[in-house]
There are 2 protein chains.
Amino acid sequence: MDRYIEAVVAIEGSESLSAIQSAVRSTSVPLGYDRFVMFSASPAREDLVDSIYWVEGDWFGKGVTVDAETYVRHCPVTRNFLNVDEPFFWTKVMSARGEKYRVVRTPRGPGFHGLQVPVFGRTGLEGAMSFAGTRIDASARTRAVLTMIGAAAFRAARRLIEAHEPNGASSLSPREREVLRWVAAGRRQADIAASLGLSERTVENHLRRVRLRLGVATTAQAIRLAIRSGEIEV
Amino acid sequence: MDRYIEAVVAIEGSESLSAIQSAVRSTSVPLGYDRFVMFSASPAREDLVDSIYWVEGDWFGKGVTVDAETYVRHCPVTRNFLNVDEPFFWTKVMSARGEKYRVVRTPRGPGFHGLQVPVFGRTGLEGAMSFAGTRIDASARTRAVLTMIGAAAFRAARRLIEAHEPNGASSLSPREREVLRWVAAGRRQADIAASLGLSERTVENHLRRVRLRLGVATTAQAIRLAIRSGEIEV
DNA sequence: AGCGTGTTGAGGAGTTTCCCTCAACCCGAA
DNA sequence: TTCGGGTTGAGGGAAACTCCTCAACACGCT
């Protein structure tokens, strides 16, 4: 009983990506889902997908396991989750000119369907886990299960993967961040200088370095960038 | 079997707050949690809490059911979830001078403990559901269960409550939003004017109205405000 | 001691944005 | 039809920001 909760606990405790994967498989295959994609994302990027953690299965019906780049290029409904706050089902429909992917409330009948589970965090969209198959269980129950499994799997995977990477440490110095925060709060440079006990020149210099470091042209853009990278609070 | 998944499905299908509440209670009371708080939040506000959906139980050990304002004033560890991406346990410890709340990995023994479950969405933190009790089950299993239950309950409650309210429609006009987006992307007013086919004056006027409407002093602040209200993308 | 980084500050010469007022046009709602 | 909101545009002047270079000091590390 409560096997799904056990699966989540197992995923959370996993020490390798393959352990996560097999836990996800053993839960979702019986429900009809045998293709998986997991990636980190940020609404910032043009192509949305940041880096792919896991692609598995025959995603485009050609009988071959697809690789990461191919998935991104064909990426069917991914963009849709810029508009949603919750997991959604999609289905592939065949039309006169080629195949199309559509977001649906409940996918019916045979064909190629899937569930996209976005994962959110402090800074908004952080990634997603996608499940698909040709004969899937699309009940509310299953949606709840995969929502939970998908989120747990993504967080666990990110924890493992980020740990190995040098990790994009904060690229702003404490002072620079502090000044930028005040600017984002609507203060002018002169006020900030006064309240931090600095000269206006220093405040200006800090901001220039911020723009330099973030590689942006204006302070306005720096604010947006800093917000989405979690450098300053929204 | 899978009673927790059933509970989530029941919560999602609830048509009243009290239905959500009783579903939450029947799941969490057996686990030792008999005090609940649910509220919407935004990292924006000074006091963090936006509006309270549900407060129930003896939160401050005075044998009385606490009301919303009281909870906010005493609000123990709420601020902590500005720093976290996942649910966390906290515990109340008695010290020489009064009581204190601490975030802990696993609360042990008798006393007053709780689990805070933040709920995230497109725009970051959106709310939270908090569970507490004096003799709680604090296993990884239970944390997984309440994470799922809490998120589902919050979303369901918000769906019900927001539906009744006039709903804070977008406070920017399409054109204003468009101009602000470009500024946030780092373009200067002159460039924006050129690419939108407007005069620089018009761009400037749009931005002035944006500041006016959002009630802020600088465009930098307007960007942050627009981002956190979901008016423009991060 | 020498090196890199962070923090602080300046001079001078820009460019850009902000502020205020005024006005025309379109469009949908009362 | 009048009214309000959205969009477009202007003039003139003030304030704020950006860009360039240069320099001092503290701090930790090799």
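Everything numeric here is computed off the predicted structure, so don't read it as measured data. To find a chain, count down the sequence lines: A is the first, B the second, and so on, and within it residues start at 1. Below, each value reflects all heavy atoms present in this structure, side chains not excepted, and no hydrogens, waters or symmetry copies.
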For the [atom1] atom of [X] and the [atom2] atom of [Y], what is their distance to the nearest 0.5 Å?
X        : Y        : atom1 : atom2 : answer
B:Leu172 : B:Leu214 : CG    : CG    : 5.0 Å
A:Ile161 : A:Ile20  : CD1   : CD1   : 7.5 Å
B:Ile223 : B:Leu225 : CD1   : CG    : 11.0 Å

Whole angstrom value for the distance that separates [atom2] of [N] from [atom1] of [X]:
X        : N      : atom1 : atom2 : answer
B:Asp191 : C:dT15 : CG    : P     : 14 Å
B:Glu204 : C:dT21 : CD    : P     : 14 Å
B:Glu200 : C:dC19 : CD    : P     : 17 Å
B:Arg201 : C:dA24 : CZ    : P     : 18 Å
B:Asn205 : C:dA24 : CG    : C1'   : 13 Å
A:His206 : C:dA10 : NE2   : C1'   : 14 Å

*Applying salt bridge (charged side-chain N to carboxylate O under 4.0 Å, His left out), which residue pairs with at least one partner in residues 185-195 of chain A are found, sequence neighbours left out?*
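The answer is none; no pair qualifies.
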_Quick test of your reading: applying salt bridge (charged side-chain N to carboxylate O under 4.0 Å, His left out), list the pairs with at least one residue in residues 213-222 of chain B, sequence neighbours left out, ordered by first then second residue._
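Every pair satisfying salt bridge (charged side-chain N to carboxylate O under 4.0 Å, His left out) with a residue in residues 213-222 of chain B: B:Glu176-B:Arg213.
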Identify all side-chain donor-acceptor contacts of residues 8-19 of chain A below 3.5 Å with residues at least two apart in sequence or on another chain.
| unit_1 | atom_1 | unit_2 | atom_2 | d |
| --- | --- | --- | --- | --- |
| A:Glu12 | OE1 | B:Arg143 | NH2 | 2.8 |
| A:Ser14 | OG | A:Ala10 | O | 2.9 |
| A:Ser14 | OG | A:Ile11 | O | 3.2 |
| A:Ser16 | OG | A:Ser18 | OG | 3.2 |
| A:Ser16 | OG | A:Ala19 | N | 3.1 |

*Does any N or O in the side chain of B:Gln221 come within less than 3.5 Å of the main-chain N or O of A:Ala185, such that one atom is a donor and the other an acceptor?*
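Side chain of B:Gln221 to backbone of A:Ala185, a donor-acceptor pair under 3.5 Å: yes, one is there.
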*Would B:Leu212 and B:Arg208 satisfy side-chain contact (heavy atoms from CB on, under 4.5 Å), going step by step from the backbone distance to the final call?*
CA-CA 6 Å; B:Leu212 205 70; B:Arg208 184 137 36 86; 5.6 Å; no
*asked:* Which residues pass the side-chain contact (heavy atoms from CB on, under 4.5 Å) test with B:Thr106, not counting sequence neighbours?
replied: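 In terms of side-chain contact (heavy atoms from CB on, under 4.5 Å), with neighbours along the sequence ignored, B:Thr106 is linked to B:Ala138.
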*Set of residues satisfying side-chain contact (heavy atoms from CB on, under 4.5 Å) with respect to B:Ser199, sequence neighbours excluded*: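 Here the qualifying residues are B:Arg201, B:Thr202.
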*Of all of residues 211-221 of chain A, which get a heavy atom below 4.0 angstrom from DNA chain C, listed by number?*
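Residues of residues 211-221 of chain A that come under 4.0 Å of DNA chain C are, in numerical order, A:Arg213.
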_Short of 4.0 Å, heavy atom to strand atom, which residues of residues 182-189 of chain A count as contacting DNA chain C?_
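Of all residues in residues 182-189 of chain A, none places a heavy atom under 4.0 Å from DNA chain C.
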*What residues, two or more places apart in sequence or in another chain, satisfy side-chain hydrogen bond (donor to acceptor under 3.5 Å, both in side chains) together with B:Trp54?*
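Once residues adjacent in sequence are excluded, the partners of B:Trp54 under the side-chain hydrogen bond (donor to acceptor under 3.5 Å, both in side chains) criterion are B:Glu56.
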*Output all residues satisfying side-chain hydrogen bond (donor to acceptor under 3.5 Å, both in side chains) with A:Arg155, sequence neighbours left out; order by chain, then residue number.*
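If we apply the side-chain hydrogen bond (donor to acceptor under 3.5 Å, both in side chains) test to A:Arg155, skipping adjacent residues, there are no hits.
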*With A:Met129, which of A:Ile149, A:Leu115, A:Val24 fulfils side-chain contact (heavy atoms from CB on, under 4.5 Å)?*
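Among A:Ile149, A:Leu115, A:Val24, the one that satisfies the side-chain contact (heavy atoms from CB on, under 4.5 Å) with A:Met129 is A:Val24.
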*Under 4.0 angstrom, heavy atoms only, what part of the nucleic acid is B:Ser199 near: base, sugar-phosphate, or nothing?*
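Answer is sugar-phosphate: B:Ser199 comes under 4.0 Å of backbone atoms only.
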*What orientation do B:Tyr53 and B:Phe154 show, parallel under 30°, tilted 30 to 60°, or perpendicular over 60°?*
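If you compare the ring of B:Tyr53 with that of B:Phe154, the planes turn out parallel.
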_Along DNA chain C (nearest heavy atom to each residue), the more 5'-positioned of B:Ala190 and A:Thr202_ =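 Result: A:Thr202.
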*asked:* Does the protein touch nucleotides 25-30 of chain C at the base, only the backbone, or not at all? Give it as B, S and - per nucleotide, heavy atoms under 4.0 Å.
replied: ------
*Could you walk me through whether A:Glu178 and A:Arg175 pass salt bridge (Lys or Arg N to Asp or Glu O under 4.0 Å), step by step?*
CA-CA 5 Å; A:Glu178 185 171 22; A:Arg175 205 53 157 172; 2.9 Å; yes
*Does a nitrogen or oxygen in the side chain of A:Arg209 sit under 4.0 Å from OP1 or OP2 of C:dG6?*
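For A:Arg209, the contact criterion (side-chain N or O under 4.0 Å from OP1 or OP2 of C:dG6) is met.
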*Identify the 5'-most and 3'-most nucleotides of DNA chain D with at least one atom closer than 4.0 Å to a non-hydrogen atom of chain B.*
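Boundary nucleotides touching chain B, in 5' to 3' order, are D:dG6 to D:dG12.
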*Specify the angle, to 10°, made by the local axes at the two ends of the helix from C:dA1-D:dT30 to C:dA30-D:dT1 when five pairs are taken at each end.*
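The end axes of the helix from C:dA1-D:dT30 to C:dA30-D:dT1 are about 60° apart, to the nearest 10°.
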*What closest approach, in Å, do B:Ala226 and B:Leu180 show between heavy atoms, and which atom pair accounts for it?*
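Closest pair (atom of B:Ala226, atom of B:Leu180, distance): CB-CD2, 3.6 Å.
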